[in-house]
Student: 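If you scroll down you'll find the structure; I have some questions about it.
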There are 2 protein chains.
Amino acid sequence: MAVTIKDVARAAGVSAATVTRALSKPEVVRPATRDRVKEIAASLGYHPNRAARGLITGRTGNLGLLVPDLGNPFFPSIVKGVQARAHEADHAVFLADTDEDPAAEAGLVRKLAKQVDGVLLCSPRMAEAEIRALATEVPTVLLYRRVPGVASVTAEFLDGMRQAVSHLVALGHRRIAYVAGPRTSWANRERVRSLRAVTRTRVELVETGNVVPQFEGGVSVADQVLAAEVTAVIAYNDLVALGLLHRFAARGVAVPHDISVLGFDDIPLAAMVHPALTTVALPKDQAGQAGVDLLLRERHRERRELPTQLMVRGSTGPAR
Amino acid sequence: MAVTIKDVARAAGVSAATVTRALSKPEVVRPATRDRVKEIAASLGYHPNRAARGLITGRTGNLGLLVPDLGNPFFPSIVKGVQARAHEADHAVFLADTDEDPAAEAGLVRKLAKQVDGVLLCSPRMAEAEIRALATEVPTVLLYRRVPGVASVTAEFLDGMRQAVSHLVALGHRRIAYVAGPRTSWANRERVRSLRAVTRTRVELVETGNVVPQFEGGVSVADQVLAAEVTAVIAYNDLVALGLLHRFAARGVAVPHDISVLGFDDIPLAAMVHPALTTVALPKDQAGQAGVDLLLRERHRERRELPTQLMVRGSTGPAR
DNA sequence: TTGAAAGCGTTACCAG
DNA sequence: CTGGTAACGCTTTCAA
């Protein structure tokens with residue numbers, strides 16, 4: 001049997017009320033009593049039952065975090081940021097990986113809702129209406145997505161895209177392919193929008209069909225990219241870019257000599273491969289941390305937009 | 001305000017007791033009442049507060065999962081397995097990333113203990129005594145580690161190592177380096193032990209110093225490996241192997257022509273790089289799932305040992 | 001088959 | 001400064 005507040009109270013010869021005060025409002029209890037209670041609590045190994053506490057205070061000390069696919073290294077990075085900040089604030093984190101299944105997500109959140117003080121939603125595909133509904137049921141912060149009226153943390157995609165295109169233009173590229181991610185993904189729509197805005201005059205843009213946001217997506221579309229006779233390609237994300245790299249290598253296409261490849265996200269992997277991947281770094285730890293801050297400070301309307309940074313590495317070079 | 005059982009009871013014109021019965025023991029309540037209650041509950045969007053339920057039943061419907069570093073793609077794979085199985089069993093998962101900080105782990109677990117039905121511990125470095133203590137406080141299953149008296153899911157490391165060494169021997173390798181992981185890591189000790197057992201007669205083994213179990217660890221030790229004049233190297237894990245690959249490439253050492261490289265884990269990344277990494281695949285999803293099964297079926301003593309599988313890819317070849 | 005009441009562990013409020 | 005009591009939302013006796 002776990003040790004409860006009553007055990008401590010009995011052992012210390014005080015009431016439960018005094019125990020709880022000694023522990024959570026030390027200043028209102030006489031020092032001698034306080035110290036004795038604290039000592040006994042420690043020696044008994046007492047930890048308040050957070051569920052019981054939550055029942056009465058309305059605050060559970062828990063956070064929910066929803067991500068679409070932990071297999072994409074982008075998301076573990078976010079999770080780490082969330083965890084770090086949450087633990088600092090003495091909160092525990094419920095994690096749910098929805099496996100890219102938008103249908104299941106809302107249900108998952110609702111099951112968690114009562115057990116958490118708020119939810120961080122990293123859910124590029126969930127319907128906007130669903131998100132709005134959820135946000136009325138439980139404090140919600142969106143990660144990497146914007147929905148009117150809901151707090152969110154995003155990145156400066158437009159500026160990131162501008163950095164990417166400027167880099168390629170400076171290298172002499174004038175005809176560039178974009179490998180699109182899932183059609184229904186907010187992030188993809190945002191990237192396409194930014195890309196079009198940024199290339200309007202300077203560059204000819206070739207958009208391929210949509211692929212799954214994974215390594216396999218890149219592999220599958222690589223030959224189309226080659227056939228499009230571009231000198232550079234921007235991928236929806238790093239995983240897709242790595243898929244391109246892989247298939248290019250298999251076909252004997254040299255990167256960056258024959259074609260330049262540029263990714264998005266800056267997953268740790270991007271720096272580990274050969275040639276290393278030039279990519280637009282999105283804030284990950286910081287996004288997670290900022291999300292937790294918004295949630296815990298009850299900034300339920302606020303939007304934060306974090307800077308992005310082009311990481312120039314080996315996979316981009318002069319247009320041939 | 002969230003909708004509670006009382007709201008449903010009032011709306012349905014029954015008592016709270018009947019509502020809870022209609023929902024959790026449908027057979028003991030009159031069909032007409034049951035259906036009406038269910039309908040109203042659904043229309044009101046009622047979900048039982050699991051924390052309150054846990055208070056009385058002693059079962060929370062939550063699981064805790066501790067991993068040392070989500071940045072290592074091995075662990076997200078495990079998390080996915082755990083999640084999948086936990087959700088099937090209608091359980092939610094608390095995730096804690098300890099950031100390779102064994103000191104913090106025990107405290108984290110204890111904070112969670114009251115809120116979960118059990119804990120999955122993936123904690124290669126925590127002291128054995130600490131683990132034993134924890135296991136008496138909360139149902140515990142160890143992942144990838146064995147401690148007497150505590151339930152665990154591990155892999156057949158010895159057999160995996162045998163497969164790896166046989167493969168290298170068949171390719172003509174007679175002098176092999178092993179890049180060791182953290183000295184205090186159970187997995188590393190196990191690998192060293194297996195490796196020694198398996199190489200006793202056939203192969204000359206050169207063990208390098210211990211490195212951090214990350215990409216950087218491999219990079220940092222690569223030159224030592226080269227100086228050791230071996231024809232093949234087995235790394236503590238895939239991340240370390242990728243670090244070796246990276247530094248070898250930078251030094252103009254061709255893999256597998258000049259040296260063969262073999263990893264451990266089979267993280268997704270291993271198949272994506274060039275040359276693809278030969279590695280011993282450890283069960284990941286299955287380990288997570290098996291762990292959840294042990295926990296939920298209250299097999300608090302059982303040990304399961306899952307098979308491993310050598311994945312032969314481009315990074316190993318004939319000894320030169 | 002249903003309802004009333006007790007109680008899970010905690011904290012908030014009100015007396016003293 | 002401290003203790004008693006009520007209440008959080010739920011499930012489980014025990015009676016009816």
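Chain A is the first sequence line, chain B the second, and so forth, proteins listed ahead of strands; every chain is numbered from 1.
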Student: For Q115(A) and N49(B), test the side chains for any donor-to-acceptor distance below 3.5 angstrom and give the result as yes or no.
Tutor: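 No.
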
Student: Classify every nucleotide of nucleotides 10-16 of chain C by which part a protein heavy atom approaches to under 4.0 Å, writing B for the base, S for the sugar-phosphate alone and - for neither, in 5'-to-3' order.
Tutor: BBBB---

Student: OP1, OP2 of dT1(C) versus side-chain N and O of T33(B): anything below 4.0 Å?
Tutor: no

Student: Nearest to the side chain of R30(A), which nucleotide is it out of dG9(D), dT2(D), dT1(C)?
Tutor: dT2(D)

Student: Check R304(B), R85(B), R299(B) against D293(B) for a side chain to side chain donor-acceptor pair (under 3.5 Å) and give me the one that passes.
Tutor: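 Of R304(B), R85(B), R299(B), side chain to side chain donor-acceptor pair (under 3.5 Å) with D293(B) is met by R85(B) alone.
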
Student: Which whole-number value in Å describes the distance from L55(A) CG to dT11(D) C1'?
Tutor: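 Atom-to-atom, L55(A) to dT11(D), this comes out as 13 Å.
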
Student: Starting from C1' on dG9(D), measure out to CG on D7(B) and report it in whole angstrom.
Tutor: 11 Å

Student: Tell me whether K38(A) is salt-bridged to D35(A), with the criterion being a basic N under 4.0 Å from an acidic carboxylate O.
Tutor: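 A salt bridge is absent here (no side-chain N lies under 4.0 Å from a carboxylate O).
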
Student: In terms of side-chain geometry, is the basic nitrogen of E27(B) or R34(B) positioned less than 4.0 Å from the acidic oxygen of its partner?
Tutor: no

Student: For dT2(D), does either OP1 or OP2 sit under 4.0 Å from a side-chain N or O belonging to S15(A)?
Tutor: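 Answer is no, no contact under 4.0 Å.
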
Student: Does a donor on one side chain sit under 3.5 Å from an acceptor on the other, for T154(A) and R146(A)?
Tutor: yes

Student: Nearest whole angstrom, please: distance from the C1' of dG9(C) to the CD of Q115(B).
Tutor: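 The distance from CD of Q115(B) to C1' of dG9(C) comes to 13 Å, rounded to the nearest Å.
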
Student: When the distance from CG of L44(A) to C1' of dG9(C) is rounded to whole Å, what number comes out?
Tutor: 15 Å

Student: With no hydrogens and no angle check, do the side chains of T98(A) and E105(A) hold a donor and an acceptor under 3.5 Å apart?
Tutor: yes

